[in-house]
Amino acid sequence: MLEEIITLVLNMTLRKKGLLFVVSAPSGAGKTSLLKSILDENTDLTVAVSHTSRLPREGETHGSSYYFTSRSEFTDLISKDSFLEYALVHENYYGTSKEEVQKKLAEGKHVILEIDVQGAEQIKRKFPEAVLIFIFPPSLEILKERLENRQTDSPEVIELRIKNAREELERSIDFDYLVINDNFETAKYDLQCIFRAEELAVSRNQDILDDVLSIK
Ligand code: 5GP
């Protein structure tokens with residue numbers, strides 16, 4: 001039921017203003033810093049906070065970084081069909097709750113889902129209008145370096161993330177846009193261009209065309 005309401009609101013808002021963006025990237029690609037910087041300057045955009053069964057990292061807060069839940073709470077939410085999409089990523093559950101997306105859409109903003117490629121594929125199937133953006137560092141070597149410098153994950157976790165990054169890159173072919181984060185400012189500008197271009201797409205502004213044409 002909630003899913004139908006989201007589809008309805010999304011279809012209504014897609015014609016007007018609110019768009020659904022999916023931004024995927026392997027961890028360490030700089031996705032979160034890029035989006036934070038863009039969101040600080042653009043109040044038309046908002047990020048949906050995901051649920052995860054992974055433990056909080058230092059500095060992460062419940063309700064802002066993620067909704068941190070136990071594994072059993074997460075599987076309970078799955079059985080209640082509470083997620084728009086969910087996936088097992090690096091051996092932890094991550095999911096976008098339907099309620100969260102509905103709440104954000106009600107704010108009348110463009111909603112960004114910061115999710116992995118499995119989740120992106122599920123969203124594209126449910127909402128073909130969603131815009132899928134993939135962010136990648138210039139190389140896997142640089143990604144590894146960044147993860148090591150971050151000093152938040154063990155060498156085993158870093159190895160797992162590199163292996164997954166390679167697989168994710170292979171699956172990014174189905175995305176609409178690819179942004180290479182070699183230089184922060186360039187990648188930020190590229191993302192801003194995508195958000196703006198999608199807002200201006202004729203297919204999303206049919207109501208404006210109709211208004212103009214109705215004036216005699
Ligand atoms: P991290 O543990 O580094 O915060 O995130 C690990 C991966 O999980 C990232 O690729 C991130 O985009 C993905 N992720 C975060 N939230 C969600 C979600 O709600 N759904 C899915 N499918 N992936 C998510």
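Order of appearance sets the numbers: ligands from 1, and atoms from 1 within every ligand.
Ion pair E91/R54 not flagged as a salt bridge, since none of the NZ, NE, NH1 or NH2 atoms sits closer than 4.0 Å to an Asp/Glu carboxylate oxygen. A salt bridge is absent between E141 and K144; no separation between the charged side-chain nitrogens and carboxylate oxygens falls under 4.0 Å. With salt bridges taken as basic N to acidic carboxylate O contacts below 4.0 Å, none links D174 and R171. Between E167 and K163 there is a salt bridge, since a side-chain N of the basic residue sits under 4.0 Å from a carboxylate O of the acidic one.
Of the protein's non-hydrogen atoms, the one nearest atom 9 (C) of ligand 1 is K31 NZ, 3.9 Å. For atom 13 (C) of ligand 1, the closest non-hydrogen atom on the protein side is D116 N, 3.8 Å. Here the protein heavy atom with the shortest distance to atom 19 (O) of ligand 1 is S50 OG, 2.7 Å.
Remark: distances from the non-hydrogen atoms of Q122 to ligand 1 are all 4.0 Å or more. For H51, the closest heavy-atom approach to ligand 1 does not fall below 4.0 Å. The shell of residues lying under 4.0 angstrom from ligand 1, judged by heavy atoms, excludes F83. Within the structure, the closest approach of R54 to ligand 1 falls below 4.0 Å when heavy atoms are considered. Residue contact check for ligand 1: A25 places a non-hydrogen atom closer than 4.0 Å to it.
Each of the following atoms of ligand 1 lies closer than 4.0 Å to a heavy atom of G119: 22 (N).
In summary, the side chains of E198 and Y177 do present a donor paired with an acceptor at a separation below 3.5 Å, with no hydrogens or angles considered. No side-chain donor from either of E114 and S50 sits under 3.5 Å from a side-chain acceptor of the other.
The N/O atoms of H90, backbone and side chain alike, include none that comes under 3.5 Å of an N/O atom in ligand 1.
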